[in-house]
Structures are given as structure tokens and as C-alpha cells.
Amino acid sequence: MDMILQKKSLAPWLERLEGYDIYAPVRQDDIWNYAHVTDGRDIDLGYPNTVQSPKPIIFPQCETILEFSASEDGTPVMREVIPEPNPFVVLGMRPCDARALTLYDKVFGGDIKDPYYWKRREKGILVGLACTVPPSPNCFCPTVDGSPCSTDGLDILLTDLEDRYYVESLTKKGENLLNDAKTLFKAPTAAENKAAARIKSESEKKINRQVRQLAEVPPKLAGMFDASLWDEEAMSCLRCGICTYLCPTCHCFDIADELSSSSPLKGRRIRNWDTCQFPDFTMHSSGHNPRPDKASRLRQRILHKFHYFVVNHEAYQCTGCGRCISLCPVGIDIIEVLDKVRDYA
Amino acid sequence: MAGKYEPTIVAFLCKWCSSAGSDLAGVSRMQYPPNVVPITVMCSGSVSPLYILNAFKKGADGVLVSGCHPGDCHYIKGNYFARRRIALVKELLEFIGLEPERFKMSWVSAAEGTKYTQIIKDFVDVLEPLGPQMKLRREQ
Amino acid sequence: MVNLDDLKKEAKRILQDDKVKYVVGYTRSSAGPLASPVFIEDPEKIGELIWDASCVQNLAKFLLDEKRRKGRAKKPDTRPIAIVVKGCDSRSVNVLLQEKYIERKDVFLLGVSCEDLGVVDQKKIAQRFEGKTIQDIKFDLSPELAVTTEDGTVKLPIQEVLADRCLECQANFPVVYDVLLGDKSRKKVDEPFGSLEEIESMAAPQRWEFWQEQLGKCVRCYACRSACPMCYCDECVVDTIAFAVAADTSAEEKAQKIKWIEKSPTKSENFGYHMVRAIHLAGRCIDCGECERVCPVSIPLRHLNKKLEKAAKQLFDYNAGFEPDKPALVSSFRDEDPEDFIR
Amino acid sequence: MKKRTGVFVCHCGINIAGTVDVEKVANNLAKHPGVDHSEDYVYMCSDPGQNKIIEAIKEKNLDNIVVACCSPTLHESTFRNAAKAAGINEFQSEIANIREQCSWVHKDKLKATVKAERITKSAVERVKQNESLEPISVPVTRRGLVIGGGIAGIQAALDMANTGYEVVLVERSPSIGGHMIQLSETFPTLDCSQCILTPKMVEASKHPKIKLMPYSEVQEISGYVGNFKVKIHKKATYVDPDKCTLCDECTKVCPVVMPNEFDIGLTGRKAIYIPFPQAVPATYTLDIRGCPGLVPIACGKCADVCEPEAIDYDMRDQIIEEEVGAIVIATGYDLYDKVNMAEYGYGKYPDVLDGLQFERLLSASGPTQGQVLRPSDHKEPKEVVFIQCVGSRDPEMHCSYCSKICCMYTAKHAMLYKHHVHDGQAYVFYIDIRSGGKNYEEFVHRTTEEDSVLYLRGKVSKIFQDGDKIKVWGVDTLSGKHVEIDADMVVLAMAMRPSEGAQELAKSMKVSMDKDGFLAEAHPKLRPVESVTSGIFFAGAAQAPKDIPEAVAQASGAAAKAISILSQDQLFHSPMVAKVTLNLCTGCGMCVDVCPYEAISLKDGKAEVNEVLCEGCGTCSATCLRAAIAVRNITPQQVFEMIDASIGG
């Protein structure tokens with residue numbers, strides 16, 4: 001079911017969404033990030049890509065999974081903590097970030113479903129915004145089977161037609177959301193249908209970065225564990241966590257107990273994002289570190305995204321958002337790395 | 001403790017002067033508020049900035065570092081290094097917006113029981129109106 | 001004016017004469033407008049070197065990698081490496097020398113003077129082109145640069161988008177070097193700590209609000225620490241586990257690793273991390289601005305260090321990175337150090 | 001392996017129990033993680049108390065204990081020994097000070113109890129992570145060094161030497177004897193100072209165990225208790241004492257006259273001189289400050305007349321190194337500098353003298369062979385004004401402290417003056433008369449009664465020359481009257497100051513000083529002759545103004561302390577010293593810079609602690625950015641936990 005929403009009606013629409021928490025890109029200082037918005041007028045969807053993908057809304061960086069304390073006789077008492085979020089709407093989600101969630105679904109799904117993830121995932125309605133203009137010069141979604149107007153993982157997709165949005169509801173969830181505010185929407189005219197189709201078809205052409213024959217990379221990687229390439233590519237790496245923490249598909253976490261007091265015993269068991277780029281990620285208590293240097297950590301990042309994940313889930317663990325390229329302090333460019341892998345003799 | 005708000009002060013006292021000074025206050029039965037819990041260290045020079053930040057993180061409402069007067073350090077010059085280090089910590093704490101009143105340094109000799117008593121009294125007096133220190137306190 | 005060809009010539013010479021293992025310099029990047037580091041072993045590849053206002057990074061950081069590499073190697077190659085250093089970068093080399101982390105013979109310094117200019121602040125450029133996606137920036141027409149966005153190319157003077165640190169620079173040309181390219185005249189700086197005024201003028205509660213919002217953004221990617229040439233500890237106060245593990249380290253000792261700061265990016269822990277970092281950089285930070293530059297959520301981290309730099313200067317007349325043979329700020333004192341804050 | 005901790009809370013009668021609910025503390029501590037035993041008792045330090053601890057350790061096989069009681073300065077060792085007796089390491093015992101720092105300073109029992117709990121918990125958290133340590137043993141060089149050859153130094157040297165230990169006695173001036181040798185007679189007995197001192201001087205110089213080093217100064221001291229290395233600067237005398245026959249021909253021909261230190265400038269001496277007839281060692285010294293030149297062309301008269309050819313212009317200063325195990329500092333005093341006393345005309349008017357100058361006038365060996373005559377005109381003074389507390393007890397203008405001996409020597413001066421000039425009148429201006437000491441009060445009494453010396457309670461406002469008289473204006477605060485005296489001579493009882501150069505010496509030896517520059521003792525009551533640096537002791541006026549018997553007593557005390565070190569084959573040193581975690585150390589050397597004891601050095605790019613030199617102050621650990629160095633048993637880990645417990649978090 002396709003609809004048209006006047007841009008001026010965006011705020012009124014949101015006001016109709018009672019009972020939903022709304023997350024949308026807002027500007028803080030000179031960067032854009034998703035935040036909980038209470039006033040629709042704060043929202044401006046004409047934004048370059050957000051620094052952080054909306055992943056923390058569904059997979060927060062820091063999450064308590066249980067609380068513990070000592071009883072009178074000193075025996076520990078534990079209480080499981082399961083999130084009970086309000087229903088929420090993520091507005092203006094980039095298609096690449098939405099696709100990332102479909103990859104999370106594979107990771108946190110399967111035989112054992114991660115309760116913390118799914119509690120939020122199920123409560124969320126994802127309203128995407130097609131990238132009529134690439135939000136980043138390093139966008140390369142088509143390379144990794146995505147598209148600037150991909151609908152994967154979304155419930156609704158908006159396409160910017162100057163003064164209005166072309167609104168496609170893609171799921172039942174999405175449809176219901178539109179129905180709640182029927183009056184604000186009207187059916188698209190033939191012209192609007194054509195315009196939307198044209199913009200979409202052009203959008204892909206505007207993306208100027210890509211990896212040729214990416215398909216050749218995964219099999220190649222299988223044999224490249226000991227390649228010298230990693231040392232060369234990692235020379236400039238600073239071993240920070242930007243590429244992974246800001247990646248919409250990275251999902252590694254670490255579980256630790258944090259005491260608020262040691263006597264009487266009181267604390268929380270917490271899971272925090274972790275990253276393969278930190279030396280302590282693989283540090284053994286023996287003192288041995290199987291990934292002792294940044295080369296082995298860069299290798300892990302690439303192999304995980306373009307080899308292991310492909311083997312396990314038949315997909316690249318990358319949606320081509322380009323964040324790791326644009327935000328890398330030393331300009332390590334995953335596109336170049338993949339090119340070199342492909343051409344590696 | 002029910003009733004009115006009682007600030008908690010962590011006091012790092014050097015063993016030879018300030019701790020001895022507070023012992024003297026005891027021997028002379030001087031009275032001061034029980035809000036301060038002393039931690040005796042060997043020298044004010046051994047008080048790491050991390051101790052101070054950590055005390056605030058653990059929920060101290062005020063932190064005091066006290067050592068020997070310049071020239072009297074049992075370890076000759078430890079307190080001179082302390083003086084410089086603490087000055088930097090103080091600058092930083094104020095810069096991030098912590099109330100300057102919450103962090104104090106003093107010279108208290110083994111003979112200055114009275115001074116120690118007064119310092120604690122005054123410290124409690126300035127802390128009470130400020131209320132609990134929540135800024136750097138770890139979320140429970 | 002630094003002549004790029006001279007830089008290439010010098011770099012090529014030391015490679016050909018086998019004076020150094022490799023040269024670390026700057027090169028154009030496919031990732032964005034700012035220069036990326038490049039590691040050149042082959043004299044014939046020297047053409048990749050560039051020098052312009054996009055060369056922001058402090059390459060001294062790579063001296064740390066080289067030291068680690070040597071540490072791991074069975075038969076370490078003890079030849080020095082060459083790095084291209086700006087004034088600020090050279091001061092960080094001085095601090096590394098002062099702290100005996102490296103020896104002077106470990107490094108060949110290709111000094112380049114920023115003269116009366118400096119390097120750009122990408123965020124300032126972004127602000128100029130509000131909301132637009134910057135496709136390309138050309139730096140090779142100093143003192144101007146050309147910015148291309150979807151609606152065309154615009155020229156603007158580099159001076160207008162210089163990094164704050166360059167506006168407050170204390171050493172616009174290297175203070176230690178083996179080769180120096182460019183002019184050696186001291187650039188006049190009226191307000192070396194001007195950028196602090198805004199925050200200093202706030203009332204304490206405002207300052208708290210300011211930092212609470214800023215540090216609240218921190219995602220603990222540790223890019224600040226990773227980019228900092230002074231952050232060379234093998235084990236950082238925020239690391240979750242002990243790296244200092246030897247064959248004889250007992251389980252108890254391992255367990256005793258103090259959690260000064262928890263991994264959770266909560267307010268108290270973020271403050272803990274950034275304050276400890278600032279304290280540990282007191283008298284060591286030479287204001288290369290990398291921590292702030294690399295921060296993905298643009299926390300004005302430089303101010304924290306700048307504040308203590310100011311304190312060191314004003315209270316103790318100490319200037320980091322100028323006198324590698326003198327003791328460090330916190331391992332020295334003067335009888336007349338101020339103590340008016342002490343009762 | 002989880003440690004088992006025992007907690008013992010002391011009532012100290014009602015000293016603690018009066019304001020702290022000790023049972024409650026004990027009960028709550030029993031619930032504290034890691035605490036396997038907790039009890040309270042009325043006097044933990046008593047034998048039954050200690051036995052309770054020992055039994056508990058054995059029965060509950062505790063790994064460590066915390067005793068919540070009085071200050072560790074009092075009973076730390078008591079309970080460490082108890083721990084030892086129970087078979088655990090003595091360093092597995094910690095004190096929680098809940099008396100001086102809690103029960104005695106608070107009244108609110110509820111709050112005091114909470115605080116006591118926190119203090120005790122934090123001690124538990126500390127002891128949990130204590131290492132078992134053994135004291136560090138240090139070899140001892142069994143020789144002593146005494147700095148200063150006054151009565152105190154001589155006494156200390158003799159006592160040590162007579163016990164059989166070799167002693168190096170260093171004296172700055174050409175002869176030992178100090179100020180005492182300048183004195184005429186000593187109060188209260190009036191026996192002749194020189195007569196009682198010279199035998200000791202001779203004994204010291206002849207003593208087989210004493211190495212006398214006159215005209216020498218200690219230049220540098222390194223090392224530590226039991227093992228000091230001393231650099232001594234021996235100044236050239238240009239006279240070979242063995243050849244010199246004391247014929248005195250040289251002084252006759254020497255053309256240079258200089259003020260005579262021995263007579264405090266009342267007389268002159270030649271550039272080549274013997275300080276005084278009974279000088280020890282008995283030899284001449286050529287003072288190059290005055291000598292026209294050490295080359296025959298310049299002068300060379302003394303060498304010409306010296307038959308035994310004892311004079312050697314080529315003699316040079318030497319640096320002599322000595323190794324000793326203990327040091328006694330007896331650098332004595334100087335009088336407060338006259339320039340500070342311009343208002344009393346000292347130095348301006350020839351007949352205004354200080355105490356020591358007057359001693360010389362009274363002395364049979366003095367410039368006037370013991371007659372009291374005015375320096376200006378050699379007339380006998382008929383009216384003499386003695387002024388006490390000149391520079392002393394005057395915090396605004398001069399020294400805040402009391403110089404202690406002035407009351408007595410002024411009384412002595414006045415009395416002796418009267419004995420010389422029977423028809424003369426002596427006045428004494430005083431603030432109080434302080435005559436504590438055996439037969440002191442009686443002595444002062446004699447002065448006033450038998451010798452009718454006139455004591456005026458009050459200060460002198462002005463002194464000025466008026467013709468051949470010296471006008472003294474003052475007030476008698478008892479009568480409230482203004483007093484005006486036409487005096488022939490005025491004697492000022494100047495304050496005592498630490499002798500010149502003592503400060504520098506103290507600094508170089510890492511010995512601290514009080515605000516007046518006197519050497520600071522380790523404890524004002526219980527360790528009066530020890531410095532804070534172990535192995536270094538004090539004797540005489542270097543530590544505070546003293547009279548002769550006190551100086552001698554303290555000297556013997558210091559000697560005994562020194563002997564207690566020299567008599568051991570090895571010493572034991574606290575093992576609470578800095579320890580380096582090599583994996584973390586990057587060798588930046590900041591710890592080396594801050595260490596007050598030069599105990600840390602860099603070896604192969606890592607810090608290395610000399611455990612014998614380390615005093616465990618921990619400044620290194622606070623300075624280290626990498627937490628690579630910490631003091632055993634007060635490590636950052638321990639403080640981290642202690643903070644937690646103190647806040648009751």
C-alpha cells in the first residue's frame with residue numbers, strides 16, 4: 001500500500017503516534033545521531049549519515065542482564081533483568097542500517113533467541129528513508145547486495161519528493177501505523193508514482209564507490225589467514241574501536257560483573273559492546289594473546305565480515321554504509337582492502 | 001543514619017604528620033564531627049590522583065589530602081610532589097565543574113591537633129549546604 | 001615555503017643510503033580528504049609523499065608500533081625509522097625521549113615547518129558546508145583550498161578553517177629534527193589558551209552541564225587514547241584485564257587487577273576515563289589535537305588537556321616537549337610552587 | 001585461596017567502649033566478607049587479650065588479623081608480635097585506630113560506632129591483601145663519625161671510642177674545644193672551663209680509636225644506616241704538625257694581622273697562628289685568607305725563619321673518604337648575628353660586648369689576662385649593664401625561642417664581674433629568670449643576695465654612646481619606672497643560633513630541621529637524640545640551646561644510640577618497600593626523579609629498587625603513570641578497597 005505524506009504533515013503524524021517512543025536523527029553539535037524525540041518539529045530528515053547507526057536503540061552498548069547482592073548470611077541473591085521497552089518507531093532509517101538489523105536477526109536469532117535483543121526488536125517499527133542522494137561519499141551498498149532504496153528489514157519506506165514523501169508500507173506493522181493516521185495520507189497520483197520510481201532508479205547511479213567482483217573475495221579469504229597483506233594494511237591502524245563500534249553490523253559484546261559495593265556485596269552483571277580491534281578482546285588470563293598484533297585484528301575483522309559470516313549465514317556482514325571508511329582516523333578503506341584481497345596473488 | 005544529611009569525607013593523612021596530628025587531637029580529646037574516615041598513607045606524596053577520583057566515584061562528598069608542612073616531610077620532599085600533583089587534580093576537578101569546596105589539601109603537623117580539628121569542622125560546614133556529591137558518584 | 005620535492009629528495013636519500021628502515025609520511029587517501037599515513041621502504045615509491053594542510057595526523061604514534069615490533073622480533077632490525085614531523089609532532093617526540101621510551105638514534109626526523117599556516121580542522125570545513133556531503137577537497141593550492149560538494153566547487157582560505165590548536169601553536173616548526181624544511185620564523189600567537197575562555201568563563205554548574213553532555217556522548221572506542229602518542233602504556237587504566245601477566249603471576253594477582261574504571265560507558269565511568277587520561281597527560285600533552293580530531297562523536301577533548309597545559313605553564317612555568325633532558329612536570333617541583341590552595 | 005581474617009575490637013576500658021558500641025562493631029564485622037572470627041575484649045593489649053588473639057589465630061587458623069584499638073604508633077608492634085607468636089607472619093596484622101581517631105574525638109555514640117566500623121572494615125580490606133614479609137637485613141660498617149669537636153662532639157667520640165669502636169672526629173676549625181674552651185668559668189660551680197675541658201681534648205687526640213680530623217669539613221654524605229660513605233674536605237694548614245716545634249718564631253715575622261676568632265675579635269692574630277696555647281692538635285695553621293701568597297716571592301718570611309722546615313707552601317686541600325655505620329652531629333651553635341642587633345649598638349660601640357666576648361675578658365687566658373677592662377680605653381668599668389634575651393623570646397623581631405642558658409651565664413657574668421671589681425655595680429635587665437637545674441636557682445640567688453647585683457625586670461629600649469659613657473634607657477616593669485643608666489660597659493646575652501653551615505650539612509644528610517634551623521629530633525619526647533634518618537644522631541646545641549651538662553648528657557645518649565647500631569653485625573630494615581611490576585614498567589624514570597633516597601635506578605630500561613635504601617614513602621607509586629611500582633602492603637589495590645570500605649559503600 002503506497003501513500004503520499006506532505007512534509008508539513010510529518011510532525012502532525014508523529015503527534016498521532018501516541019504510546020510510541022520515537023527515535024529519529026537529530027543534530028548535536030556538528031554531528032547527527034539518533035535520539036529519542038518528543039517534538040516532531042525537531043525532526044529534519046535532510047541529513048547526511050548519522051555517525052552511529054540506530055543499532056543502540058535495539059542493541060544498547062551497555063545492558064544489565066542480572067543484579068546480585070548478598071543476603072544476611074552472605075549467600076548471593078540474583079535477579080534476572082529483562083527489558084520491557086515501550087513500542088517505538090525509528091524514523092528516517094537508512095536502508096543500509098535497516099538491512100543491518102536483518103543480519104542481527106540471524107545472529108541473535110537461531111535456535112537460542114537472545115531475549116534482550118528480541119524484546120526490543122519486536123517492539124520496534126522501522127520507518128526508512130530512501131537515499132536519493134548518497135548520505136556519505138563512501139557509500140557502497142550495491143556492492144554488498146544492498147541498494148539506496150532497499151526495503152529489507154523496514155516496515156515503511158519514505159522517498160523524498162521535494163515537498164512530500166512517497167510512503168510505502170511494507171509490513172502489517174507498517175500498514176497499521178499508517179492506518180492510525182489515515183487522514184494525513186492520500187493515495188499517490190500516477191505522476192508521483194513515476195517520480196518515485198525514477199528517483200529510485202537514479203539513486204543507485206549516484207553512488208560512486210564499489211568493490212568489483214566481491215563474490216571472488218570470500219573463497220579467496222579462506223586461504224589468506226597467513227597472508228602478508230594484513231601486516232601491510234594494518235601498518236597505519238591505531239587499534240581504536242571506531243570501525244567496529246560504529247558499524248551497524250558488528251555485534252560482539254563482553255559480559256562483566258560490576259560491583260556498586262563490595263561489602264555488603266551489591267552489583268550488576270552487565271553486557272557491553274566489545275570489539276575485536278581491542279587487544280584485550282582475545283587476551284587469555286594465561287597472558288597469551290592469540291591475536292597479538294593489529295594485523296591479526298584487522299584480518300579478523302575482514303574475515304569475519306566477508307568469510308566466516310558468509311559461511312554461517314550466507315550473507316556479507318556489511319551493508320556498505322561507509323562509516324568505517326569515513327570515520328577511520330587513518331583512512332583505512334575497507335573497499336581498498338577488499339580490492340587488494342581480490343587481486344592478492 | 002536518619003535525620004539531617006551527613007556528608008562523608010575521605011581523608012588521606014600522611015602517617016608521620018597529619019595522622020599523628022589527628023592522634024594528638026584524640027589524645028587532647030578535641031571534638032570534631034564523625035563524618036571523616038581517615039585513611040593513613042605513608043606520605044602525602046603517595047596519594048595518587050586515582051585515589052582522589054576514586055573516592056569521589058565511590059561516593060565521597062568531600063576529599064581531604066593532608067601532609068607535613070613543606071620542609072618537614074618525613075621523607076624530605078614527598079609533600080612537594082604532592083603539592084604539585086594535587087594542584088593539577090584541583091584544576092581539573094574545578095574545570096569539569098565539581099564544586100571546588102569538595103576537595104581540600106592541608107598541611108597538618110604532628111603538633112597541630114587543633115588545626116586538624118578545625119579543618120574537619122570547617123570542611124563539614126562547607127559540605128553540608130552543598131548536599132550529596134552526585135556528579136562523580138558511580139550510578140548504583 | 002616547504003618544497004615537497006625537497007622532502008621527497010631527503011626521504012629518498014636516507015632510504016637509498018639505507019640510513020633508515022622505512023619512512024613514515026603522508027599520502028592522499030581514498031577514504032577522505034585528509035592525508036593518510038604512508039610507510040615507504042622502496043625509494044622508488046617516494047612519489048606517494050605529500051605535504052599540505054591536510055597532513056593533520058601526528059605520526060610520532062608509529063614510533064610506538066615500531067618499538068613493539070622490535071620487542072616482538074627474535075632478531076630485531078635496529079635501524080631507525082624516519083617520520084615526517086610538524087612542530088607539535090616533534091614536541092611529542094621530545095616527550096618520548098624525555099620518558100626514555102625511545103632513543104634519539106631510533107628515529108630520523110624529517111622536520112617540516114607549518115610556517116605561518118598549519119593544518120585544517122575537517123569539522124570546521126563541514127560546518128562551512130552545512131548539511132552538504134563533501135565529495136572532495138583539494139589542498140594543493142595553499143594558502144587556499146577547493147571544496148567540492150553536490151552543488152559545485154568553492155575556494156576558501158585555509159587560514160579560515162585552521163585547527164584551533166594551530167591558532168594557539170607554540171612551535172610552528174619542529175624543535176627537534178634531523179632535516180628541517182621550510183621557514184624557521186616563530187609564528188606569533190596572541191592567546192595561547194584562548195580556546196579555553198569560553199568554558200572557563202562558565203559558572204561551575206554550567207561547566208558541569210557542558211561536560212556532562214559532552215562526555216555523555218563517549219562510546220569508549222578509545223580512539224583518543226589510540227591516536228595519542230603519549231598513550232603508550234601496555235596496560236591502560238580502563239583495560240578490563242591484566243596485560244602484565246608473567247609466568248609467575250598468581251591467579252590472585254590477576255584477579256587483583258583494579259577496576260578503577262568500569263567498561264560501561266556510563267557517566268561516572270566516562271568521566272573517570274577522561275579525567276584520568278587528562279591527569280596522566282599533564283605536562284606530557286603537546287597539543288597535537290589528535291584526540292579531539294579522531295573522536296567520532298566530536299567531544300572537545302583537547303580542552304581537558306589544554307586546561308592542564310595552562311596550569312603547568314602558569315603555576316609551574318612548565319612547557320611540555322621543549323626540554324627532553326629535564327625531569328617531567330610531576331617528577332619535579334620548585335620550592336616556590338604555589339600553595340595558596342592549601343590550608 | 002580465600003584469606004581468613006580475624007577482627008579483635010578493644011574496649012580500652014571505657015576509652016573506646018565509652019563512645020563506641022564495641023560489641024556492635026564486632027558483630028557487624030563478623031558479617032563482613034572474609035572475616036571468619038570477630039570478638040571484642042576489654043584490653044586487647046593485656047596478656048589475656050593477646051592470648052585471645054593467639055588462640056583465635058590457631059583455632060580458626062586465621063591468615064591475618066585486624067586489631068581495632070589505639071593508634072598504631074602505640075601497639076602495632078605488640079600485635080605483630082602476637083601474630084608472630086601464633087605462627088603467622090607479623091605483617092599479617094594491621095591496626096584500626098578507633099581510639100585517637102574515633103572514640104576520643106566524638107560524643108555521638110551511634111555515629112562514632114558507624115565510623116569505627118568503617119575504619120575497621122577498611123583495615124580488614126587492607127590486611128586481606130597484605131604480603132607476608134621478612135625484615136631486610138643490612139650489613140654494618142662498625143665505625144662512627146662525629147661531626148663537630150666541641151664538648152658534645154668530644155664526649156660522644158670518647159664514649160664510642162671507649163666502647164671499642166673506631167671514631168672519626170671532624171672539626172671545622174684548627175683545634176677542637178668548641179665554644180666551651182673560650183669560657184672562663186662555668187655555672188653553677190664556677191670551676192675553670194679550660195681546666196675541665198683540656199684533659200678531654202687531650203684524651204680525644206691521643207685516643208688510639210679516635211681519628212682526629214681538625215680543620216676539616218664534611219662535604220658529602222651518601223649511603224644509609226650502617227653503611228654511610230662520607231667525603232671529608234681536609235683544608236691545608238701548610239704546617240707539618242710533626243715537624244713543628246711550637247717555637248712561635250713564625251708568628252713574630254708574619255706581617256699580616258687578622259682578627260682573632262678565639263677572642264671574638266677583641267685581639268688580633270697573625271696569618272700564621274696557633275688558635276690558643278692549649279690547642280689540640282698543638283700546631284700552627286697558615287690562614288691563606290690573610291697570607292699574601294704561598295710563594296716565597298710574595299712573602300715567605302715564616303718559611304725562612306722556620307728551622308725545622310715545618311712550613312710547606314705546597315700542601316694542598318684533600319678530599320678524604322671514610323666509611324662509617326653511624327653518625328653523630330654535634331655542630332653546636334653561634335651567637336645571633338650582631339648586625340641584627342643594631343638597636344643595642346652592638347658592633348657600633350666598642351664597649352657593648354656579647355656574652356662570649358665578656359667570657360674572654362674574664363678568662364685568665366684572655367686579652368686582659370682576666371682583668372675586666374673596657375676595650376675602648378682599658379679602664380675598669382664601674383657600672384656594667386647586662387641585658388638578657390637579646391634576640392631571644394622575640395617572635396616579632398628576632399627568635400621566638402628561649403636560648404635557655406643566658407639567664408644562668410648572665411648571673412655568672414654579673415657575679416664574676418663583682419668578684420673582679422668589688423666596688424662596681426652590675427645591673428641585669430631580664431624578662432624572667434629561668435634557673436631550672438641542679439643548684440641553678442641557688443646560684444642566681446647568690447648573685448643577687450651576696451653579690452648584690454641589681455636585677456631589673458624589663459626591656460631596654462635604647463642604648464647610645466654619650467661621651468665615654470653608654471646610656472642605657474629601659475623600664476623597670478615592677479616599679480613601672482623609666483630607668484636610665486650611665487654605663488661603662490654593656491653585655492648582651494645574645495640568642496643562640498645553629499652554627500653557620502649546619503643547615504646545608506643537614507640538608508645534604510637528609511636530616512630535617514625545625515623552623516629555627518635547629519636539627520629536628522625523630523620524636524620530641526621519646527626519641528630526642530635521633531634524627532628521622534636512621535643512623536644519624538644529635539648531640540649538643542645543634543639540636544636546641546643547651547648548657548654544658550645537658551650537651552654532655554645528650555652526647556653520651558647519642559653515643560649509646562650509635563653504639564647500639566655499631567654493636568650489631570647486621571641491621572634490619574622495614575620490608576614495606578617499593579616493588580616494581582616489570583611487565584608494566586616502561587623505564588620512563590619518573591620514579592627515579594622523585595625518590596628522596598636515590599633508592600631507584602634504571603637497569604635495562606626498567607626501574608630497580610634498592611630495598612635497603614627505600615623507606616617506603618610511595619611517592620614513586622603516585623608518580624608512576626603505569627601503576628608499575630607500589631609499596632608492599634599499602635598498594636593501590638589495597639587503598640582502592642580501603643576507600644570503598646571507608647565510604648561504607
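Hydrogens, waters and symmetry mates are skipped; everything else that's a heavy atom, side chains included, is used. Nothing here was measured: the structure is a model prediction, and the numbers come from that model. Just so we're on the same page: letters track the sequence lines, and every chain starts at 1.
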Minimum heavy-atom separation for [X] and [Y], please, with both atom names.
X	Y	value
B:D23	D:S71	OD2-OG, 2.5 Å
D:C617	B:Y75	CB-CG, 3.2 Å
D:P596	B:I76	CB-CD1, 4.2 Å

With heavy-atom distances below 4.5 Å as the criterion, would you say the side chains of [X] and [Y] are in contact?
X	Y	value
D:T619	B:K77	no
B:F12	D:I643	yes
B:H69	D:K515	no

So which part of [X] gets closer than 4.5 Å to some heavy atom of chain B, the side chain, the backbone, both or neither?
X	answer
D:N97	side chain
D:K107	both
D:C595	backbone
D:P72	neither
D:T533	neither
D:N15	side chain
D:N633	neither

Quiz item: Going from NZ on B:K58 to CD1 on D:I647, what distance comes out if it is rounded to the nearest 0.5 angstrom?
Solution: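 Reported value, rounded in 0.5 Å steps: 7.0 Å.
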Tell me whether [X] contacts the main-chain N or O of [Y] through its side chain, where contact means a donor paired with an acceptor under 3.5 Å.
X	Y	answer
D:H106	B:Y32	yes
D:E615	B:H74	no
D:K115	B:V36	yes

Self-check item: Leading residue by heavy atom contact count with chain B [cutoff under 4.5 Å; candidates D:V594, D:I634, D:I119, D:T73]
Solution: D:V594
Self-check item: Proximal component of B:S22, with respect to chain D [non-hydrogen, under 4.5 Å]
Solution: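 Both parts, backbone and side chain.
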Practice problem: With a 4.5 angstrom heavy-atom cut-off, could you sort out which part of B:R85 is near chain D: side chain, backbone, both or neither? | Solution: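 Just its side chain gets close to chain D.
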Quiz prompt | Steps toward side chain to side chain contact (heavy atoms under 4.5 Å, CB included) verdict (D:M590, B:F81) | solution = CA-CA 11 Å; D:M590 289 192 195; B:F81 293 108; over 6 Å; no
Quiz prompt | Residues of residues 37-54 of chain B contacting chain D, heavy-atom criterion under 4.5 Å, by residue number | solution =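 Residues B:V37, B:P38, B:I39, B:T40, B:M42, B:C43, B:G45, B:S46, B:V47, B:S48, B:P49, B:Y51, B:N54 are the ones that qualify, each having a heavy atom under 4.5 Å from chain D.
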Exercise. Evaluate the side chain to side chain donor-acceptor pair (under 3.5 Å) criterion for residues B:S19 and D:E100: first the C-alpha distance (whole Å), next the side-chain angles of each, then the deciding distance (0.1 Å), finally the verdict.
Key: CA-CA 10 Å; B:S19 190; D:E100 284 81 350; over 6 Å; no
Self-check item: Greatest number of heavy atom pairs closer than 4.5 Å to chain D - which of B:A25, B:A55, B:A82, B:S28
Solution: B:A55
